[in-house]
Q: 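Structure below; questions to follow.
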Amino acid sequence: MTTPAVTFSEDQAAAFDSIAAMLQTVGVAVEDGHTTPRADGKAGQVMAVTGKAGSGKTLLLAELTKALADAGLEIVSGDYESRKKRDKRSLAILAPTNKAASVLRLRGVPATTIHRILYTPVYDPEYERIAEWLAGNGDRPDVEGLTDQALDRAFAFFQTNKSIPGALAAAGLRGSDFITGWKRREEPLDIGFVDEASMLDDRQFDDLKEIFPTLLMFGDPAQLAPVNQSGTMVFEKLPESRTLNLARIHRQEADNPILDLAHALADPQLEFQDFERMVEDKARQDDRVVWGQRVEVDLMARSPVLVWRNATRIRLINAFRNVHGAPEDALIEGEPLICDGLELPLKHRKKRLDLEARGLIKGAQVIFLGHGRKPGFSRLHVMGAEDPQVSAASIVKIEKPDEEEPFIPFAARMGATFLHGAAVTIHKAQGSQWDTVQVFAPDLYAAARMGRVEAGQPLWKRLAYVAITRASERLHWIVRARLSKPSGPLSVDDLRSVPRAPLTLDPTSLDEEGLL
């Protein structure tokens, strides 16, 4: 095996070798960078790499990605695929959510969402000629309405960013000019890496196996399984020989107190009160852990408070809105929202794909930037999306304590539905990561008192583990149901500084149906 540029632990090196051996059987030699054409009809290869937070799963994924790219595999992004390169070996790196994909991209891994791979864009033939030229598969085209200077801008952009939509936007085109729709992928791809595989349900797993003859999953068995999976994760159903476990925990040069707390939860003798004493002790020793007497409202606009009970979530959301003086009948700029799905009839399938392709999938975190140009439309910043700013028909629901029906400040006839995002359940937070995370400890105490067990482990421990490991820099352990005062009004100035995205929807081109 060619020695990687990084130093692997023994279990990482063994996993790297096992994966390289699997790839060798499908014609990809990691050792010497040699590949052979993919054999159609070959039985699927599925393998999983498991390990708790800090075990080095992401490092291994990144090094494998680099090795396969060096071997000449094409990285599939979901933005555009050349018809002339479909016989070339390829690799796609996937995550279940925009936020999880963005975590990988920040670490240099060119990840996209599962949805962007399941559904591919259909390009207008005229502009597809530009895409083929940029990808090196054709001559420079002569396109009516585009000057040489515009094509030069597209070419210069692509040399730096390798994004076809971004290059076409640099030429002055909108997404609605060159993408005519989205379709479910019909032809299989090649090799797929899936991060945060603990979030996959059986249906998604089956979809991925249809698309990828070779599939490698990376998951944390200590997290929470999908709600409809009865506590079982898809990789736990694989034969033992197809699962590689990373048991060693790697820490930074200075020990990470957040990881220390997370892994302390594995002690079967540990009770909730003992764990809280550990958190309090860590807070005295290290400012990366905070023993909080109240929820810090300033943090809620960008990273939600993590809770277990739905009633707690609703109370915190209403407290957040009240302290910022938000009126009951309207949203104010800067309020966080969570996409709760799409309310569209089957006949509008194309519109659904358009919205989902722009990041508005269930669970997506967005920031409200203001109302659109038509009633019921909103301008949104999709957190973690590659093309973050969109305008879309929206149905916003604000839940109230002790009320069955949510209040709806505004709504289009149909479109993307949103709940407030100042607080979210720990289940919904899986796959996401923030610099600073606030965990509402009274909820976990309630779970501990109920004595609930999931997959053989006390539920409060699984909840605490997932919540704690969402924090990359600082953890606030909140022990009182109190809220601080905001230091100032909500702001979106930091989001508006982000360049406008290539696939931004233009409200002036919205159709009469009022969908996009």
Q: Are any side-chain N or O atoms of Arg470 and backbone N or O atoms of Gln430, one a donor and one an acceptor, separated by less than 3.5 Å?
A: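 Here the side-chain-to-backbone pair does not exist.
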Q: Which heavy atom in Met22 sits nearest to a heavy atom in Thr25, and how many Å separate them?
A: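 Heavy atoms only, the tightest pair is O-OG1, 2.5 Å.
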Q: Would you say the side-chain atoms of Glu296 and His476 include a donor-acceptor pair closer than 3.5 Å?
A: no
Q: Could you please spell out the steps behind the side-chain contact (heavy atoms from CB on, under 4.5 Å) verdict for Leu459 and Leu224?
A: CA-CA 9 Å; Leu459 177 61; Leu224 295 159; 4.1 Å; yes
Q: Test salt bridge (Lys or Arg N to Asp or Glu O under 4.0 Å) on Lys237 and Asp202; report intermediate values, then the result.
A: CA-CA 10 Å; Lys237 301 175 183 179; Asp202 288 335; 2.9 Å; yes
Q: Does NZ or CZ of Lys461 come closer than 6.0 Å to the centre of the six-membered ring of Tyr465, within 45° of the ring's axis?
A: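 No.
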Q: To the closest 0.5 Å, what do you measure between OG1 (Thr436) and CG (Asp298)?
A: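 Answer rounded to 0.5 Å: 12.0 Å.
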Q: Of all heavy-atom pairs between Ala422 and Pro336, which one has the smallest distance, and what is that distance?
A: N-CG, 3.7 Å
Q: Give, for atom CE of Met47 and atom CG of Leu215, the distance between the pair rounded to the nearest 0.5 Å.
A: 11.0 Å
Q: Measure the shortest side-chain to side-chain distance between Leu64 and Phe193 over non-hydrogen atoms and say whether it is less than 4.5 angstrom.
A: yes
Q: Can you find a side-chain donor-acceptor pair between Glu473 and Trp434 that sits under 3.5 Å?
A: no
Q: Just checking, any donor-acceptor pair under 3.5 angstrom between side chains of Gln12 and Ser9?
A: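 Yes, side-chain donor-acceptor contact under 3.5 Å.
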Q: Could you check whether the rings of Trp460 and Phe275 sit parallel, tilted or perpendicular, using 30° and 60° as the cut-offs?
A: tilted
Q: Looking at CG of Leu244 and CZ of Phe16, how far apart are the two atoms once the value is rounded to the nearest 0.5 Å?
A: 12.5 Å
Q: Can you give me the closest heavy-atom contact between Trp133 and Leu151, atom names plus distance?
A: CH2-O, 3.7 Å
Q: Show your working on side-chain contact (heavy atoms from CB on, under 4.5 Å) between Leu94 and Phe212 and close with a plain yes or no.
A: CA-CA 12 Å; Leu94 316 175; Phe212 296 101; 3.6 Å; yes
Q: Looking only at heavy atoms, what is the nearest atom pair of Arg242 and Val46, with distance?
A: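 Of all heavy-atom pairs spanning Arg242 and Val46, the closest is NE-O, 3.1 Å.
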Q: Roughly how far apart are Asp260 CG and Asp281 CG, rounded to 0.5 Å?
A: 12.5 Å
Q: Is a side-chain donor or acceptor of Thr469 paired with a backbone partner of Val466 at a separation under 3.5 angstrom?
A: yes
Q: Carefully, step by step, assess Val295 and Gln438 under the rule side-chain contact (heavy atoms from CB on, under 4.5 Å).
A: CA-CA 7 Å; Val295 175; Gln438 299 185 87; 3.7 Å; yes
Q: Does any non-hydrogen side-chain atom of Phe418 lie less than 4.5 Å from one of Ile338?
A: no
Q: What's the shortest heavy-atom distance between Arg302 and Val492, and which atoms?
A: NH2-CA, 4.1 Å
Q: Within this structure, what is the OG1-CD1 distance for the pair Thr65 and Ile93, rounded to the nearest 0.5 Å?
A: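 Thr65 OG1 to Ile93 CD1: 4.0 Å, rounded to 0.5 Å.
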Q: Between Asp286 (side chain) and Val289 (backbone), is there a donor-acceptor pair under 3.5 Å?
A: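 Here the side-chain-to-backbone pair does not exist.
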Q: Can Asp190 and Arg89 be said to form a salt bridge (Lys or Arg N to Asp or Glu O under 4.0 Å), step by step?
A: CA-CA 7 Å; Asp190 192 353; Arg89 303 306 300 265; 2.5 Å; yes
Q: Run the salt bridge (Lys or Arg N to Asp or Glu O under 4.0 Å) check on Lys362 and Asp340 step by step: do they pass?
A: CA-CA 5 Å; Lys362 190 176 180 68; Asp340 195 43; 3.1 Å; yes
Q: Minimum heavy-atom separation for Lys52 and His263, please, with both atom names.
A: CB-CE1, 3.3 Å
Q: Measure the spacing between CD of Gln389 and CG of Leu380 and express it to the nearest 0.5 Å.
A: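 If we round to the nearest 0.5 Å, Gln389:CD and Leu380:CG are 10.0 Å apart.
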Q: So, Asp287 and Lys282, do they make that salt bridge, N to O below 4.0 Å?
A: no
Q: What verdict does the salt bridge (Lys or Arg N to Asp or Glu O under 4.0 Å) test give for Asp206 and Lys209, after you've listed the backbone C-alpha separation in whole Å, the side-chain angles of each residue and the deciding distance to 0.1 Å?
A: CA-CA 5 Å; Asp206 290 339; Lys209 286 190 292 184; 3.7 Å; yes
Q: With a 6.0 Å cut-off (strictly less than), is the heavy-atom count around CD of Glu10, excluding the residue itself, greater than 12?
A: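 Atom CD in Glu10 is not packed in, count stays at 12 or less.
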Q: Look at the side chain of Asp443 and the backbone N and O of Trp308, then say whether any donor-acceptor pair between them is shorter than 3.5 Å.
A: yes
